[in-house]
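By convention in this document, chain letters (A, B, ...) are assigned in the order of the sequence lines, proteins followed by strands, and residues within each chain are numbered from 1. Since we're looking at a predicted model, the values are computed, not measured.
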Number of protein chains: 2
Amino acid sequence: MILIDYPEKSQWQELLKRPVMNTESLFGTVQGIIDRVKAGGDEAVLQYEMQFDKVSLSALAVSSEEFDEAENLIDEELKAAIRLAAGNISAFHAAQRFVGKKVETQPGVTCWQKAVPIEKVGLYIPGGTAPLFSTVLMLAVPACIAGCREIVLCTPPGKDGKVHPAVLFAARVAGVQRVFKAGGVQAIAAMAYGTESIPKVYKIFGPGNQYVTAAKQLVSLRDVAIDMPAGPSEVEVLADVTANPVFVAADLLSQAEHGVDSQAVLITTSKELQQAVKDEVERQLDLLPRKEIAARSLANSKLIVVKDMEEAVEMTNAYAPEHLIVETENYMAVAEQIVNAGSVFLGTLTPESAGDYASGTNHTLPTNGYAKAYSGVSLDSFIRKMTFQEIKPEGLCKIGPAIEVMAANESLDGHKNAVSVRLDAVRRDK
Amino acid sequence: MILIDYPEKSQWQELLKRPVMNTESLFGTVQGIIDRVKAGGDEAVLQYEMQFDKVSLSALAVSSEEFDEAENLIDEELKAAIRLAAGNISAFHAAQRFVGKKVETQPGVTCWQKAVPIEKVGLYIPGGTAPLFSTVLMLAVPACIAGCREIVLCTPPGKDGKVHPAVLFAARVAGVQRVFKAGGVQAIAAMAYGTESIPKVYKIFGPGNQYVTAAKQLVSLRDVAIDMPAGPSEVEVLADVTANPVFVAADLLSQAEHGVDSQAVLITTSKELQQAVKDEVERQLDLLPRKEIAARSLANSKLIVVKDMEEAVEMTNAYAPEHLIVETENYMAVAEQIVNAGSVFLGTLTPESAGDYASGTNHTLPTNGYAKAYSGVSLDSFIRKMTFQEIKPEGLCKIGPAIEVMAANESLDGHKNAVSVRLDAVRRDK
């Protein structure tokens, strides 16, 4: 860990810099795989599953027998936990339903928005050592609440050709039936263009390694929407002297264990806390199974002391962390001043883990400073807002002449004429 | 115009195909310009203004004297029209303000969303023959309502080194003070990375030619968000035998005059209307100043007759038009079934022009079928929704054990531990 005391503002930018992601350098390779899947369909996906996931599959779709089998393999404690989490995620996202109101901008001119679900969405769940069934819930629950008609989930199978049972169980709890054994670039390409087995979707969600990210970026240039650009996960703890160093250390470690490029930052007004957290991190690190990963990530982790809470808030907004834990006195007042963060955890009893799993908020959040421009995944991510308008004779008389003037001044006489022919008719009718 | 009668469903995809946009082929050239601006700042922008816009500028920023001068150059009729439009756009977008509600997902677990403005946004307004002051209103009014702290507008100057006065007047009416004389790729690059004069922003909005689109795509891969992918503008009129062919023809022509690649499509249940619209388009075309552009666009325009309203709606949802005008009996019932469109105009007196200029809805909308996955620009485009959560002892006891189970099953013991240390403390306090 790197201890930094009272840095000058001129140093902030350098201090808060993330590791550079360069997915563009992968574009050539990744586009090649995408093109092969686009042309070859299932056969190409099966071949890449052999090549990359080292598994020979007879079919891509997970059968209902496999779903049943998975349910039998999961113990009741985990099932109950998944159900509890799904219930909370459902409660929070259902409360986000949008109901548009009609606005009469002028008498006889009525405009409104209406939320409609994206009809077809694709969810990507990475494989690897840890089965991310929590991410299944975070994507599938809001997709179901939004009312998406077709929800497709792709995830790489293990070497035994099976999808991890917890992933299947979470999919079923959330309400997703169509799960396919496909990972990496080939999965993204399959959902973007469709294959014999895997339906084409309109928007693709979910985390992944840099190849998956590159694939999402490439298909989003023209053919399909994506949730957001992805980068390594990150947490900032904003704490004062009242914070509990045991909790803060645990929070930093929970981020550090994600991967060697994870970012864990402490910004504090207390030199004393900084030292206590450092000692405590070292103590707790030793107890973690993933301590090697965490240690490598922590090597770049910064514990920064600043002069007061105002500066701490300013630095936080400049950093724009994916996750922000505020462990200070009057944390509500501090939270009011935060404008750049993905998800904010308030008080001593609100660890990031709560939002990662079970409190109800979404854990798919903007990393890499993207919180300055992007929101995390929410119900909004699965809908579109269409606008509608209806104009009555009175309204046309009110705004028609202004439209004619503006259109003429933009040299768009056809636009003007579409109003003029109607105004003529309305005036004739009078 | 191409008349198509009762096409088979198998033909729809081919029939509704848009011209392929291939911005990727421009990426090399465009990236070169971006890199030069990133490295050279103002000097590079000035040089490109000389090269591409054929203008030698002494400064990029529009001065307050130039704003004043512009105001004096605009006649009162246009000023009044712009003010009326701004008022309606403001009324509609102000009604979109988001107020999050707190949700107690479990006793002691409270989660909520909060809308915060994107602090710095950049608006791009293309130059060319027609000054798009209406687009200034469509982007700047919601940016101001959202509360964006820094709003930057770039637009190419004329050969006299001046920005069109109507663009400056609209910017001032909307509340934008920082306007810069920069067009094309250099403008997008300047807003993405900042120059001495032009501030770096977090999200870039606005239409443009294929070079501008390519530039927005490239900077969005890593450095800045963009509003949405852009393509040629398009309208569909969905009409039955009750529609007025004069109005329908005027609507198709208002789209066709935009550019040679604009799409104007009629889907109707009436063979009679199809013929009447064809005749009427030919008659009205002759009266338009931009008839050459419109005629070239209309050469690809399709007037399609289908067997009934159900099929008309299905074809419309498959096409997902940017603009949809519904001129039918019971248009409200028809509108209820539309799920893929950017903006919908209902009834005989609601031309697309109304939404293009002055009814209050936004005219920055998803083209190219993107309406299946994207919304048009709205107040949402200028905000982010951050999530917050606060957990009390009761809540931690309720969800903590589930988090521990889930984290352990994802092999993330650090995540588990962040809860365990807190649960221990809560249990000790009891």
Exercise. Please determine if Asp251(A) and Arg422(B) form a salt bridge, counting it only when a charged side-chain N lies under 4.0 Å from a carboxylate O.
Key: yes
Practice problem: With sequence neighbours left out, write down each residue that passes side-chain hydrogen bond (donor to acceptor under 3.5 Å, both in side chains) with Asn409(A), or none if nothing qualifies. | Solution: none
Self-check item: Structural part of Asp75(A) lying under 4.5 Å from a heavy atom of chain B
Solution: neither
Quiz item: Side chain, backbone, both or neither: which part of Gln31(A) has a non-hydrogen atom closer than 4.5 Å to chain B?
Solution: neither
Quiz prompt | Side chain, backbone, both or neither of Asn88(A) within contact of chain B (heavy atoms, under 4.5 Å) | solution = both
Self-check item: Segment of Pro401(A) engaging chain B (4.5 angstrom heavy-atom cut-off)
Solution: neither
Quiz prompt | chain B contact via Glu24(A) - side chain, backbone, both or neither, heavy atoms under 4.5 Å | solution = side chain
Quiz prompt | Part of Val109(A) within contact of chain B (heavy atom distance under 4.5 Å) | solution = side chain
Practice problem: Measure distances from Asn244(A) to the heavy atoms of chain B and classify the residue's part below 4.5 Å as side chain, backbone, both or neither. | Solution: neither
Quiz item: Is the closest basic N to carboxylate O distance between Lys392(A) and Glu390(A) below 4.0 Å?
Solution: yes
Practice problem: Could you check if a side-chain atom of Leu324(B) sits within less than 4.5 angstrom of a side-chain atom of Val235(B), using non-hydrogen atoms only? | Solution: no
Self-check item: chain B contact via Val224(A) - side chain, backbone, both or neither, heavy atoms under 4.5 Å
Solution: backbone
Quiz prompt | chain B contact via Glu404(A) - side chain, backbone, both or neither, heavy atoms under 4.5 Å | solution = neither
Quiz prompt | chain B contact via Val344(A) - side chain, backbone, both or neither, heavy atoms under 4.5 Å | solution = both
Exercise. Please check if atom NZ in Lys385(B) has more than 12 non-hydrogen atoms from other residues, nucleotides or ligands closer than 6.0 Å.
Key: yes
Exercise. Tell me, please, which residues at least two apart from Lys79(B) pass salt bridge (charged side-chain N to carboxylate O under 4.0 Å, His left out).
Key: Glu76(B)
